[in-house]
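Report on one structure; see the data block that follows.
All values below were derived from every heavy atom in this structure, side-chain atoms included, with hydrogens, water molecules and symmetry-related copies excluded.
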Amino acid sequence: MMDSFGRFWSLSSAALRTRCGLRYLYKMSLAVSLRRALLVLLSGAIFILTVLYWNQGATKAQAYNEALERPHSHRDANAFPIPVEKSWTYKCENERCMRVGHHGKSAKRVSFISCSMTCGDINIWPHPTHKFVLSSQTHSFSVEDVQLQVDTSHREVRKQLQLAFDWFLKDLRQIQRLDYVASSSEPTVSESSSKARRHADEEPAATLFGATFGVKQAGDLTSVQVKISVHKSGDLNFSLDNDETYQVTSNTADGHRLQVEITANSYFGARHGLSTLQQLIWFDDEDRLLHTYANSKVKDAPKFRYRGLMLDTSRHFFSVEAIKRTIVGMGLAKLNRFHWHLTDAQSFPYISRYYPELAEHGAYSESETYTELDVREVAEFAKIYGVQVITEIDAPAHAGNGWDWGPKRGMGELAMCINQQPWSFYCGEPPCGQLNPKNNHTYLILQRLYEELLQHTGPTDFFHLGGDEVNLDCWAQYFNDTDLRGLWCDFMLQAMARLKLANNGVAPKYVAVWSSALTNTKCLPNSQFAVQVWGGSTWQENYDLLDNGYNVIFSHVDAWYLDCGFGSWRATGDAACAPYRTWQNVYKHRPWERMRLDKKRRKQVLGGEVCMWTEQVDENQLDNRLWPRSAALAERLWSDPSDDHDMDIVPPDVFRRISLFRNRLVELGIRAEALFPKYCAQNPGECI
C-alpha cells in the first residue's frame, strides 16, 4: 500500500514538475514572441519615420523652390503699383479734395486724381513761371485716339519730335495701364464666367483689380490731335543758350475733338511742352480712361539755364536701364543736364576704344562696364527727353587702379600714390591715386578719352574736367622742388588744351571744374572756366568765386547732396555728410537770395545740380534716393517760386503738387520715396 502510494506520489510530483516546466517554457516562448513582435513593430516604426522624414525634406525643398519662383509680393509682379480705390469718392471744398466713403453707393464716384486735377491751383510740376488757364470741364479718351501733326521746316527737328512723341505715347500707354495684368490669385471674375464671355477668336483682355484693359474703351472724345510747331531754330545740339520757352493750348472742337497745339522756338522748348501736356493728362480708375481739360493754356520758360542731376557710377555700377529710368524722371521734371561722373579712384568702368587697359585694370568686373555703344545709347535716349549727357573723367585726383598699367606699355607712370597707405595722408577716401602731371602720355590719354566721349554725346558748349580734391602731399613726394599749386593750374590748363584738340580745335564755351582751395588761385581764366561749387552754402568761396568773375553752378553739400545722412561707412574719418537732406531742404534752398546777389552776380549763376555720390547707394536704392527730392530742385531752378515762409516750412499747395508728381513717377516705373502716410495723400491738407 505504502509502496503504491509512494509510486503514485512520485508519479504525481513528476507530472506536476512537467506541467510547471511546460508552463515555464510557454511563458518563455511567449515573452520571446512578444519581444520579437515589439522589435518588428519598432523596426517598422523606424522605417516609416525615416520615409516620412525624407519625404518631408523633399516637400520642404519643393516648397522652398516654389517659394523662390513666386514673387515676394502677394500681388503679381506685373501688377500696377498704384491700386484702384473703389471705396472712396472725393469732392472739392475750399480748393481741397475731401475723402468720402463710397461703399455700395449708386452715385458716380469721383477718383482722387480727377478731383485733384480740377480742384485748386494747377497740379503740374514744376509750377509754370508765366500764365496758365484751365477749364473746369474735362474729357475722356484713350491713348489710341492721340495723333501727331508736326509743323516745322527743319527736317531733323521733325524726326526728333516724332521720336519724342513715340515715347510720349509709350508713357501714356503705361499711365493708362494697358500693359499690366492682375494677379491670378485675385481674379476679378471667376475663370469659368471669364471663359464663357470670351469668344475663341477674341484677344484676351488684360485685367487690373476689376478693371479690364486691352480692349479699347470709348471716351467722349473721338480724337486728340496734337500739333507741334517749331519754326525758329533747327538746332538739335545742346547749349546753355537753347531757347526752352514753350506754350501749350488746347480747345475742344465739335464737342468730340480735342485740338492741342505746342508752340516753341526750338526742339528743346517743344519737348518741355510735351512734358507739361503729359501732366495735364491723368488716368481715372473709375472709367479706366485718360482724362484732360476741355480747354487749357500754359505759357512757360525756365528761370535758370542749367538744371542738373549728377550720378556717380564709379563707387557703384548702375545699369544702362537704371540710368535711362533716371532720365525719364528728369524729362518729366524738366531737368536738362545729366552729369555722368563716369570714373573715379574706385573703378574705371568705361571701355575706351583707344585704351581698353583703363577698364581692364580699373573696372569691378567685366559685366560692370560701359561700352561706347552704351554711352551713345544713353545720350540719344536722353535727347528724346530733352536732357543733355555731360560725361566727366575726374582728373588729376580720383584716379586709381585703372591707371597703373603705364610702365607695361612703355608709357611710364601715368599715376602716382596708387593704393598708397596710410590712405588718409594722400586722398579723401580709399583707394588713393593721382595722375602724373609731368607725363605727356597722361595728357594724350585724356585727349583721346575726351574725343571719344564728345563723339558719343554730340557737340556741346559745356564740358566737365573734374579737378577737385587734389592732394598736394601726394605730388610733394615726387616734385618737392615745384610750386604744387602752380602744378595743379598747369595740369588743368593742359587738360583744357587737350579738350580743345579733341573738340576739333574749338574750346567749349563753358569748361567746368569742381570748387576747391585751388580754384581761388585765379590761375584759370574766368572767360573759359566755370566752377561747380560743392562746399557749404555759407562758405566764403561762394562770394570769392563770383567776385573773381567766374560763372558758377551751385551744388551745396548742405542742401543739394542727396547721399548725406546715412551714417558713416568706414572706421576712420568723417566718411559721411549729415544730416539727411529732405525734399523740403532741397526745395527751400535759394542761395542767390540768401547771398543777396546783385544783378551782375546773379547772371553768373548758371543754375544748380543735385549730386548723388554712391558710396552707400547701388541700383537697389537709386530711385528712392533721387526721387522726389530731385524734383524739388527742378521746381526751384525752373520757376524759383518766392518763399516768405520760415526755414523748412513748405506751403500745403507745394506738398499737394509734389505728392501727385511723386505718384506720376511711380506710374512710370520709378520707385520714388513716399512723402508721408497714404492717409495724408488721400486727405490733402489734413496732415500739413
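- Other residues, nucleotides and ligands contribute over 12 non-hydrogen atoms within 6.0 Å of the NZ atom of Lys324.
- Neither side chain, His127 nor Glu635, offers a donor N or O lying under 3.5 Å from an acceptor on the other.
- Looking at Asn242 and Ser239, their side chains never bring a donor and an acceptor atom within 3.5 Å of each other.
- Side-chain contact check for Asn419 and Asn401: at least one donor-acceptor pair (N or O, by modelled atom type) lies under 3.5 Å.
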**Request:** Report the C-alpha distance between Trp627 and Met330 in whole Å, list the side-chain angles of each, state the deciding distance to 0.1 Å, and finish with yes or no for side-chain contact (heavy atoms from CB on, under 4.5 Å).
**Result:** CA-CA 10 Å; Trp627 305 105; Met330 291 179 67; 4.1 Å; yes
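- Partner of Tyr306 under the ring pair (Phe, Tyr, Trp, His ring centres under 6.0 Å) criterion, out of Phe462, Phe554, Phe338: Phe462 alone.
- For Ser516 and Asp468, the side-chain atoms include no donor-acceptor pair closer than 3.5 Å.
- A donor-acceptor pair is defined here as one N or O able to donate and one able to accept, closer than 3.5 Å; no such pair exists between the side chain of Thr129 and the backbone of Ser639.
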**Request:** List the steps and the verdict of salt bridge (Lys or Arg N to Asp or Glu O under 4.0 Å) for Asp563 and Arg581.
**Result:** CA-CA 8 Å; Asp563 57 297; Arg581 298 358 178 183; over 6 Å; no
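- A distance of 6.0 Å or more separates the ring centres of Trp403 and His361.
- Side-chain contact of His556 with Asn542: a donor-acceptor pair under 3.5 Å is present, judged by distance alone.
- Tyr370 pairs with exactly one of Phe348, Tyr364, Trp340 by the ring pair (Phe, Tyr, Trp, His ring centres under 6.0 Å) rule, that one being Trp340.
- There is no side-chain donor-acceptor pair under 3.5 Å between Asn471 and Tyr426.
- Taking a cutoff of 4.0 Å between a charged side-chain nitrogen and a carboxylate oxygen, Glu244 and Arg307 qualify as a salt bridge.
- In terms of modelled atom types and a separation under 3.5 Å, the side chain of Asp243 and the main chain of Thr245 share a donor-acceptor contact.
- Within the 3.5 Å criterion, the main-chain N or O of Ser319 finds a donor-acceptor partner in the side chain of Glu619.
- Between the side chains of Ser537 and Arg594, at least one donor-acceptor pair of N or O atoms lies under 3.5 Å.
- By the 30° and 60° cut-offs, the orientation of the rings of Trp534 relative to Trp539 is perpendicular.
- Between Tyr587 and Trp125, the two ring planes are tilted [angle within 30° to 60°].
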**Intermediate values then yes/no, side-chain contact (heavy atoms from CB on, under 4.5 Å), Leu665 and Asp623** = CA-CA 10 Å; Leu665 293 172; Asp623 288 4; over 6 Å; no
**Message:** side-chain contact (heavy atoms from CB on, under 4.5 Å), that's the test. Do Asn526 and Asn551 meet it? Break it down for me.
**Reply:** CA-CA 7 Å; Asn526 59 24; Asn551 291 309; over 6 Å; no
**Message:** Pair Val552, Val605 - check side-chain contact (heavy atoms from CB on, under 4.5 Å), show working.
**Reply:** CA-CA 5 Å; Val552 299; Val605 180; 4.1 Å; yes
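- By the 4.0 Å N-to-carboxylate-O rule, Glu609 lies too far from Arg337 to be salt-bridged with it.
- A donor-acceptor contact under 3.5 angstrom links the side chains of Glu392 and Trp514, judged on distance only.
- In this model, no donor atom of one side chain and acceptor atom of the other lie less than 3.5 Å apart for Gln621 and Gln616.
- No donor-acceptor pair under 3.5 Å is formed between the side chain of His154 and the backbone N or O of Glu156.
- Using a 4.5 Å heavy-atom cutoff, the side chains of Ser266 and Lys232 are not in contact.
- A side-chain N or O of Asp344 and one of His398 form a donor-acceptor pair less than 3.5 Å apart.
- Side-chain contact annotation: Gln346 with Glu615, donor-acceptor N/O pair under 3.5 Å absent.
- In this structure, cysteines Cys432 and Cys427 have SG atoms closer than 2.5 angstrom.
- Gln604 and Tyr550 share no donor-acceptor pair across their side chains, judged by distance under 3.5 Å alone.
- Within a 6.0 Å radius of CD in Gln540, other residues, nucleotides and ligands contribute more than 12 heavy atoms.
- Remark: side-chain polar atoms of Asn480 are not paired, donor with acceptor, to backbone N or O of Ala476 under 3.5 angstrom.
- Checking side-chain atoms of Arg662 against main-chain N and O of Ala672 turns up a donor-acceptor pair under 3.5 Å.
- A salt bridge links Asp241 and Lys509; the closest N-O separation between the charged side-chain nitrogens and carboxylate oxygens is under 4.0 Å.
- In this model, a donor atom of one side chain and an acceptor atom of the other lie less than 3.5 Å apart for Asp640 and Trp592.
- Aromatic ring orientation, His341 versus Trp613: perpendicular (interplanar angle above 60°, classes split at 30° and 60°).
- Using modelled atom types, one finds a donor on one side chain and an acceptor on the other under 3.5 Å when comparing Thr460 with Gln388.
- Under the 3.5 Å distance criterion, the side-chain polar atoms of Asn548 are left unmatched by any main-chain donor or acceptor of Leu545.
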**Message:** What verdict does the salt bridge (Lys or Arg N to Asp or Glu O under 4.0 Å) test give for Lys383 and Glu380, after you've listed the backbone C-alpha separation in whole Å, the side-chain angles of each residue and the deciding distance to 0.1 Å?
**Reply:** CA-CA 5 Å; Lys383 181 174 282 190; Glu380 291 176 353; over 6 Å; no
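- For the residue pair Gln455 and Arg353, a side-chain donor N or O sits within less than 3.5 Å of a side-chain acceptor on the partner.
- Listed for the Asp461 side chain is no donor-acceptor partner under 3.5 Å among the backbone atoms of Pro508.
- Side-chain atoms of Arg498 and Leu444, non-hydrogen and from C-beta on, do get closer than 4.5 Å to each other.
- With 3.5 Å as the limit, one finds no donor-acceptor pair spanning the side chains of Trp167 and Tyr385.
- The backbone N or O of Ser233 sits nowhere less than 3.5 Å from a side-chain atom of Asn265 that would complete a donor-acceptor pair.
- A donor atom on one side chain and an acceptor atom on the other are found under 3.5 Å apart for Tyr350 and His456.
- Relative orientation of the Phe463 and Tyr450 rings is perpendicular, given thresholds of 30° and 60° on the angle between their planes.
- Here the side chain of Ser515 pairs no donor or acceptor atom with the backbone of Val531 at under 3.5 angstrom.
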